[in-house]
Student: 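Just dropping this structure here.
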Amino acid sequence: MKSEFKKIVLENGMTILFERRSLPVVSVAVAVRQGAIHEELSEKGISHFIEHMLYKGTKNRTAKQIAEEIERNGGELNGFTNNLITAYWCRLPSERLEVALDVLSDMVKNPLFDEREVEKERKVILEEIKLYHDNPRFYVFDEIEKCLYAGTLGINVIGTHESVESIDREMLVKRFNSFYGPKNFILCVVGDAVLDEVIGFAKERFGRGGESADVKEFSFKNEVRVEEREGIDQANLVFAYHVPLADDVKSYAARVLSCLMAEGMSSRLFTEIREKRNLAYAVKGESEITKYYAHNLIYVGTMKQNVEKVKKIILEEFDKVAKELGEKELEAVKTQLIGNWKLSQEDSVNQMEELIFHEVGLGAENFYDFEKKIKAVSLEDVRDLAGRAKEKFSFFALVPKERD
């Protein structure tokens with residue numbers, strides 16, 4: 001697979017990531033090195049707001065024409081904003097690659113930011129904020145970040161009601177003009193395409209520009225909180241802990257530990273909490289590891305009276321791993337992780353996203369070293385991380401409020 005991958009940086013600073021595949025489908029994204037971690041608290045949500053606006057029309061296309069040009073050619077169109085990047089992507093039959101490149105380049109170069117559309121989209125985003133607040137499962141994932149980080153990382157990517165209300169057209173245009181340039185662009189193409197054609201298009205369509213975005217102030221912390229809410233029946237909880245950053249080889253031990261504890265039906269906590277004790281339906285774990293911040297988390301949905309019991313089981317299981325984890329179980333989890341990694345590459349959209357995420361971390365080429373680095377994880381590193389997790393962690397639970 002690695003021999004099919006190429007990374008090119010053009011003279012204007014634009015990065016091209018390319019992975020050749022034979023299936024007649026192509027996934028294309030233009031990502032911008034600009035996300036929520038680059039925002040002050042007062043402007044939280046501005047990167048996400050810009051993402052929304054780029055689908056609302058350009059100098060050459062209406063919002064309807066943007067969608068139609070992709071969808072009428074058999075494709076799908078979407079985008080996302082996270083802490084590190086904002087990305088605009090589509091997937092099409094490979095013979096329609098030029099359509100994908102043309103539409104996406106138009107979106108990131110020529111948005112209108114129509115004043116009426118700005119006000120209309122503000123209402124949409126405010127409804128999105130309510131959605132995240134009112135959905136208990138979404139809400140606890142937001143709140144655990146507040147328990148892990150102070151500063152800009154403690155606020156959701158979409159912002160707050162107050163910050164979104166304060167963002168006007170002038171702010172959106174200023175930020176767009178500052179950061180939406182080839183110096184900050186990553187063009188990623190995964191599928192049946194010709195690299196020279198992609199390079200030629202990029203050289204022709206993109207000029208120069210784009211300021212570097214600074215990471216705004218944040219700090220690490222650990223906090224334990226429980227919040228009550230009326231009108232819900234289930235308690236939702238998240239247990240989380242800081243892990244080594246992406247540039248530390250021990251970050252791969254963190255991925256192993258996350259898989260061991262709560263990723264899949266064979267994981268320790270799924271077995272202990274659901275299968276043995278029937279305390280929950282959902283028991284899930286995940287890692288978010290970047291060069292700036294990194295954590296593992298475990299989500300459980302349970303009854304209010306079982307929250308402390310579940311928390312105790314989690315801590316006990318980390319203690320067991322710290323003291324008793326053996327080579328046989330470790331090797332089995334490594335095999336699971338490597339297998340999952342291989343399966344994930346089947347989907348070209350997923351592969352496109354992973355290459356972009358790795359590029360804004362340690363470089364996209366680092367993605368292909370995953371198997372080697374997982375195999376190199378030591379028993380001592382996983383045990384040590386488990387021991388530290390049970391001693392220093394964050395915890396948030398949203399529980400039903402007792403009715404009078």
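If you read the sequence from its start, that first residue is 1, and numbering goes on from there.
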Student: Assess whether a salt bridge exists between K390 and D319, defined as any Lys/Arg side-chain N lying under 4.0 Å from an Asp/Glu carboxylate O.
Tutor: yes
Student: So, K44 side chain and A36 main chain: donor-acceptor pair closer than 3.5 Å or not?
Tutor: yes
Student: Taking all heavy atoms of S47 and all of G35, pick out the closest pair and write down the distance.
Tutor: OG-O, 3.5 Å
Student: Just how far is it from atom OG of S348 to atom CZ of R91, taken to the nearest 0.5 Å?
Tutor: 5.0 Å
Student: Kindly give the heavy-atom pair with the smallest separation between K309 and L279, and that separation in Å.
Tutor: CD-CD1, 3.8 Å
Student: I'd like to know if the side chain of N156 reaches the main chain of I158, judged simply by a donor and an acceptor atom lying under 3.5 Å from each other, with no hydrogens or angles considered.
Tutor: yes
Student: Taking E324 first and then R383, would you say they form a salt bridge - that is, a charged N and a carboxylate O separated by under 4.0 Å?
Tutor: no
Student: If you define the side chain from C-beta out and look only at heavy atoms, does anything of I16 sit under 4.5 Å from V9?
Tutor: no
Student: Compute whether any side-chain donor of one residue and acceptor of the other, for N12 and R208, lie under 3.5 angstrom apart.
Tutor: no
Student: Quick one: do K56 and E121 make a salt bridge, cutoff under 4.0 Å?
Tutor: yes
Student: Backbone N or O of A254 within a donor-acceptor pair of the N296 side chain at under 3.5 Å?
Tutor: yes
Student: Which value, rounded to the nearest 0.5 Å, describes the distance between L187 atom CG and L17 atom CG?
Tutor: 8.0 Å
Student: Given salt bridge (charged side-chain N to carboxylate O under 4.0 Å, His left out), test E228 with K304 step by step and report yes or no.
Tutor: CA-CA 10 Å; E228 292 186 327; K304 180 178 180 179; 3.3 Å; yes
Student: Using only heavy-atom distances, determine whether the side chains of S163 and S166 contain a donor-acceptor pair under 3.5 Å.
Tutor: no
Student: Would you mind reporting whether L148 and F220 have side-chain heavy atoms less than 4.5 Å apart?
Tutor: no
Student: When rounded to the nearest 0.5 angstrom, what is the spacing between CD in E71 and NZ in K64?
Tutor: 10.0 Å
Student: Listing request: all salt bridge (charged side-chain N to carboxylate O under 4.0 Å, His left out) pairs with a residue in residues 260-283, at least two apart in sequence or in separate chains.
Tutor: R268-E317, R268-E329, E272-K276, E272-R277
Student: Look at atom CD of E217 and say whether more than 12 heavy atoms of other residues, nucleotides or ligands are closer to it than 6.0 Å.
Tutor: no
Student: Filter on salt bridge (charged side-chain N to carboxylate O under 4.0 Å, His left out), then keep only pairs touching residues 235-261, sequence neighbours left out; what's left?
Tutor: K250-D381
Student: Measure across L337 and V256 and return the closest heavy-atom pair with its distance rounded to 0.1 Å.
Tutor: CD1-CA, 3.6 Å
Student: Does the separation of the ring centres of Y149 and Y293 fall below 6.0 angstrom?
Tutor: yes
Student: Is the closest side-chain heavy-atom distance between V103 and M107 below 4.5 Å?
Tutor: yes
Student: List in chain and number order the residues that pass ring-ring contact (aromatic ring centres under 6.0 Å, His included) with Y252, two or more places apart in sequence or in another chain; answer none if no residue qualifies.
Tutor: none
Student: Counting distance only, does the side-chain N/O of T152 pair as donor-acceptor with the main-chain N or O of E39 below 3.5 Å?
Tutor: yes
Student: Using side-chain heavy atoms (C-beta onward) and a distance below 4.5 Å, is V399 in contact with E227?
Tutor: no
Student: Side chains of T81 and E51: is there a donor and an acceptor less than 3.5 Å apart?
Tutor: yes
Student: Would you kindly check if the NZ (Lys) or CZ (Arg) of R229 is within the cone defined by 45 degrees around the ring axis of Y139 and under 6.0 Å from the six-membered ring centre?
Tutor: yes
Student: If only atom types and distance count, is the side chain of T86 paired as donor or acceptor with the main-chain N or O of V32 below 3.5 Å?
Tutor: no
Student: Can R175 and E43 be counted as an ion pair, charged N to O under 4.0 angstrom?
Tutor: yes
Student: Rounded to the nearest 0.5 Å, how far apart are CG of L41 and CD of E162?
Tutor: 12.0 Å
Student: Take atom NZ in K373; do more than 12 heavy atoms of anything else shown fall under 6.0 Å from it?
Tutor: yes
Student: Do you know which two heavy atoms are closest between L260 and L325, and how far apart they sit?
Tutor: CD2-CD1, 4.0 Å
Student: So, do F80 and F357 have ring centers that fall under 6.0 Å from each other?
Tutor: yes
Student: Judged by atom type as modelled, is there a donor-acceptor pair below 3.5 Å linking the side chain of R122 to the main-chain atoms of I167?
Tutor: yes
Student: State plainly whether the residues K203 and E11 are in salt-bridge range, i.e. N to O under 4.0 Å.
Tutor: no
Student: What are the two closest non-hydrogen atoms of L385 and P244, and how far apart are they?
Tutor: CD1-CD, 4.0 Å
Student: Check the surroundings of atom CE in M303: do more than 12 heavy atoms from other residues, nucleotides or ligands lie under 6.0 Å from it?
Tutor: no
Student: Answer yes or no: is there a side-chain heavy-atom contact under 4.5 Å between V26 and D192?
Tutor: no
Student: We want to know whether Y299 and N236 form a side-chain donor-acceptor pair, criterion being a heavy-atom distance below 3.5 angstrom.
Tutor: yes
Student: Kindly indicate whether a cation-pi arrangement holds for K146 with F396, taking the cut-offs as under 6.0 Å to the six-membered ring centre and within 45° of the axis.
Tutor: no
Student: Do the side chains of E359 and R33 get close enough for a salt bridge, i.e. N-O under 4.0 angstrom?
Tutor: yes
Student: Hey, are E4 and R21 close enough for a salt bridge, meaning a charged N less than 4.0 Å from a carboxylate O?
Tutor: no
Student: Without swapping roles, check the side chain of N184 against the backbone of F179 for a donor-acceptor pair under 3.5 Å.
Tutor: yes
Student: With a 6.0 Å cut-off (strictly less than), is the heavy-atom count around CD of E170, excluding the residue itself, greater than 12?
Tutor: no
Student: Would you say the side-chain atoms of S394 pair up with the backbone N or O of C147, donor to acceptor, closer than 3.5 Å?
Tutor: yes
Student: So, for F318 and Y241, is the gap between ring centers shorter than 6.0 Å?
Tutor: yes
Student: Could you walk me through whether E391 and R388 pass the salt bridge (charged side-chain N to carboxylate O under 4.0 Å, His left out) check?
Tutor: CA-CA 5 Å; E391 298 297 335; R388 286 188 282 130; over 6 Å; no
Student: Tell me whether R205 is salt-bridged to D102, with the criterion being a basic N under 4.0 Å from an acidic carboxylate O.
Tutor: yes
Student: Can you tell me if D369 uses its side chain to pair, donor with acceptor, with the backbone of K372 under 3.5 Å?
Tutor: no
Student: Looking at every non-hydrogen atom in both residues, tell me the closest pair between Y292 and L84 and how far apart they are.
Tutor: CD1-CD2, 3.6 Å
Student: Check the pair F185 / F206 against ring-ring contact (aromatic ring centres under 6.0 Å, His included), numbers first and verdict last.
Tutor: CA-CA 10 Å; F185 286 158; F206 295 94; 5.6 Å; yes
Student: Could you grab the distance from atom CD1 of I298 to atom CD1 of I273, nearest 0.5 Å is fine?
Tutor: 7.5 Å
Student: Side chains of V140 and L237, heavy atoms from C-beta outward: is any pair under 4.5 Å?
Tutor: no
Student: Got a salt bridge between K284 and E286, using NZ or NE/NH1/NH2 to carboxylate O under 4.0 Å?
Tutor: no
Student: Salt bridge between K375 and E371, side-chain N to carboxylate O under 4.0 Å?
Tutor: yes
Student: To the nearest 0.5 Å, what is the distance between CD1 (I374) and CH2 (W341)?
Tutor: 10.0 Å
Student: Taking the side chain as C-beta and beyond, is there a heavy-atom pair between Y180 and E211 under 4.5 Å?
Tutor: no
Student: Going by heavy atoms in the side chains, are V28 and W89 under 4.5 Å from each other?
Tutor: no
Student: Say whether, by atom type as modelled, one donor and one acceptor occur between the side chain of T58 and the main chain of N60 under 3.5 angstrom.
Tutor: yes
Student: Check each of F367, Y368, F370 against H358 using the ring-ring contact (aromatic ring centres under 6.0 Å, His included) test, and report the only one that passes.
Tutor: F367
